[in-house]
Novice: 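Have a look at this one before I ask anything.
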Amino acid sequence: MADVRDIMELDRPPTPELTREAIIGIDKPRKKLNAAPKPPRRPEGMHREVFALLYNDNKDVPPLFPSDTGGNGYKQVKIKLGMRKPRKWNWMPFTNPARTDNAEFYHWRRPSDDPKEYPFAKFNKKVDIPTYTDVEYQQHLTSDTWSKEETDHLMDLAHRFDVRFIIMADRYDTEKFCKRSVEELKERYYKINGTLSKLSGEKKIYTYDSEHEKRRKEQLNKLYERTTEQIEEEQFLLGELKKIEARKKERERKTQDLQKLISQADSQNDTPRKTDKKMPKKKVPNPSRPSRSVDTNYILQAVETAGIKFPDYKNSGVSLRSQRMKLPANIGQKKSKGIEQSLQELNMDINPTPTEEICQQFNELRSDMVLLMEIKSALTTCEFELQSLRHQYEALAPGKTLLIPPQLTNTEHEVKISAGEIIDVVGSPGTPINT
């Protein structure tokens, strides 16, 4: 048609654009064979876990009971039928070897199976009941309250009922013999058992105390028969007992603290008083109150008890001497900072060269620093309590003022201590201090 249009000089239509689809053609989407069907859509408002319980990929109904297969709940998906005939079951007799009456019973069993012992016969356990002869009874087992016939009846019941004393007391022949309690049966049985065990040479022998068992049951019966009022009274008394014990412990603790204070004061008062060479000797003691003086040995003892306890490195092996100068773990951060500040004020190195002499003296110096900080803290606490007592006195007695002696105030004096010399630590009222 294009050539004819050119011969006849007619206008040609616009040539369409060649594309891949025009040449090859449009492929229709092929349907996938054996495509899995789309799972059902979960309804709105239903949780995913609940929807998974209702449906799965095969849209099968969930099984009524759990199984080890993913099918319909059976171990075998399909029944396997064979050409063989099923085995027969016969109603066959059997005997139980645990029984002594030779009773015959029946159950279903395959004829091809070999006859076996009744499986439940192994649970028939018997208690070993001791036996004795007439000679042994006459020589070792005679009793004033038990005859041989009654003793034989007791041992026969123990053999029949496997030493169940409650049943033995119920089945006891009270028409022929006198009525016996459970404790009496136990006492007689265990006495016979212990005597025969001794004769056979056994070391472990069980003894039974009937009186203790009777008292235990009586006490248990009284405890069981308590009324509600008695239970409440007992609970009240137990609570009061706990309060009394707590108050007793508190009094004992206060008594121990007071005893410590008294012993410390006595040890301070018993020390001989000496004067310092560099201090004037013009001191007039007050006879109404003894002065409190402390010897240098007491100060050293206080340092050992209140200072720093450095561990001893005496283990075998190689160790650094600088380990001895490390502060123990029980020293708090506040005390550590105070020690560092005191060393800086004294222009001393925080970590000196750890020679043998330096280690010992450096540890003693830091221990003295900790003791000094504790003494300062105790002094501050005492001053605060003293001022509180003065304010309380002035509040209770208006118009009056409580004068605090200068010996009880925190007055700083330069005192030098030498070995064997005595100083006045607290100061006594009426004792002038000359500087």
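Bear in mind the structure is a predicted one, so any value in this text is a computation, not a measurement.
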Novice: Would you say that more than 12 heavy atoms from the other residues, nucleotides or ligands in this model lie under 6.0 Å from the CZ of Phe236, or not?
Specialist: no
Novice: For Asn90, is the CG atom crowded, meaning more than 12 foreign heavy atoms sit under 6.0 Å from it?
Specialist: yes
Novice: So, using ring-ring contact (aromatic ring centres under 6.0 Å, His included) as the criterion, who are the partners of Phe177 when residues are at least two apart?
Specialist: His153
Novice: Please determine whether the number of non-hydrogen atoms from other residues, nucleotides or ligands lying under 6.0 Å from atom NE2 of His159 exceeds 12.
Specialist: no
Novice: Rounded at 0.5 Å granularity, tell me how far CG in Asn351 sits from CG in Leu343.
Specialist: 9.5 Å
Novice: Arg99 and Asn102: side-chain donor and acceptor closer than 3.5 Å?
Specialist: no
Novice: More than 12 heavy atoms of other residues, nucleotides or ligands under 6.0 Å from CD of Gln333: is that the case?
Specialist: no
Novice: Among Lys248, Arg247, Arg253, which one satisfies side-chain hydrogen bond (donor to acceptor under 3.5 Å, both in side chains) with Glu250?
Specialist: Arg253
Novice: Drop me the distance from Asp173's CG to Cys178's SG, to the nearest 0.5 angstrom.
Specialist: 11.0 Å
Novice: Please determine whether a side-chain nitrogen of the Lys or Arg among Lys186 and Glu183 lies less than 4.0 Å from a carboxylate oxygen of the Asp or Glu.
Specialist: no
Novice: Pick from Arg188, Lys179, Arg180: which one makes a salt bridge (charged side-chain N to carboxylate O under 4.0 Å, His left out) with Glu150?
Specialist: Arg180
Novice: For atom NZ of Lys198, decide whether the heavy atoms of other residues, nucleotides or ligands shown that lie under 6.0 angstrom number more than 12.
Specialist: no
Novice: Above 12 or not: heavy atoms from other molecules or residues under 6.0 Å from CG of Asp101?
Specialist: yes
Novice: Taking atom types as modelled and ignoring hydrogens, do the side chains of Glu234 and Gln230 form a donor-acceptor contact shorter than 3.5 angstrom?
Specialist: no
Novice: By the ring-ring contact (aromatic ring centres under 6.0 Å, His included) test, which pairs, at least two apart or in different chains, include something from residues 372-406?
Specialist: none
Novice: I'd like to know if Lys122 pairs up with Glu117 as an ion pair, taking the criterion as any Lys NZ or Arg NE/NH1/NH2 lying under 4.0 Å from an Asp or Glu carboxylate oxygen.
Specialist: no
Novice: Step by step, would you call Ile350 with Gln344 a side chain to side chain contact (heavy atoms under 4.5 Å, CB included)?
Specialist: CA-CA 8 Å; Ile350 299 177; Gln344 291 175 1; 4.2 Å; yes
Novice: Among all residues two or more places apart in sequence or in another chain, which pass the ring-ring contact (aromatic ring centres under 6.0 Å, His included) test with Phe165?
Specialist: Tyr189, Tyr190
Novice: Has Gln341 got more than 12 heavy atoms of other residues, nucleotides or ligands less than 6.0 Å from its CD?
Specialist: no
Novice: Quick one: sort the Trp146 and Tyr172 rings into parallel, tilted or perpendicular, breaks at 30° and 60°.
Specialist: perpendicular
Novice: Check each of Thr151, Asp152, Thr195 against Tyr132 using the side-chain hydrogen bond (donor to acceptor under 3.5 Å, both in side chains) test, and report the only one that passes.
Specialist: Asp152
Novice: Start with the C-alpha distance between Tyr106 and Phe94, add both sets of side-chain angles, then the distance that settles ring-ring contact (aromatic ring centres under 6.0 Å, His included), and finish with yes or no.
Specialist: CA-CA 6 Å; Tyr106 289 85; Phe94 73 96; 8.1 Å; no
Novice: More than 12 heavy atoms of other residues, nucleotides or ligands under 6.0 Å from CZ of Arg87: is that the case?
Specialist: no
Novice: Would Arg390 and Gln387 count as having a side-chain donor-acceptor pair, cut-off 3.5 Å?
Specialist: yes
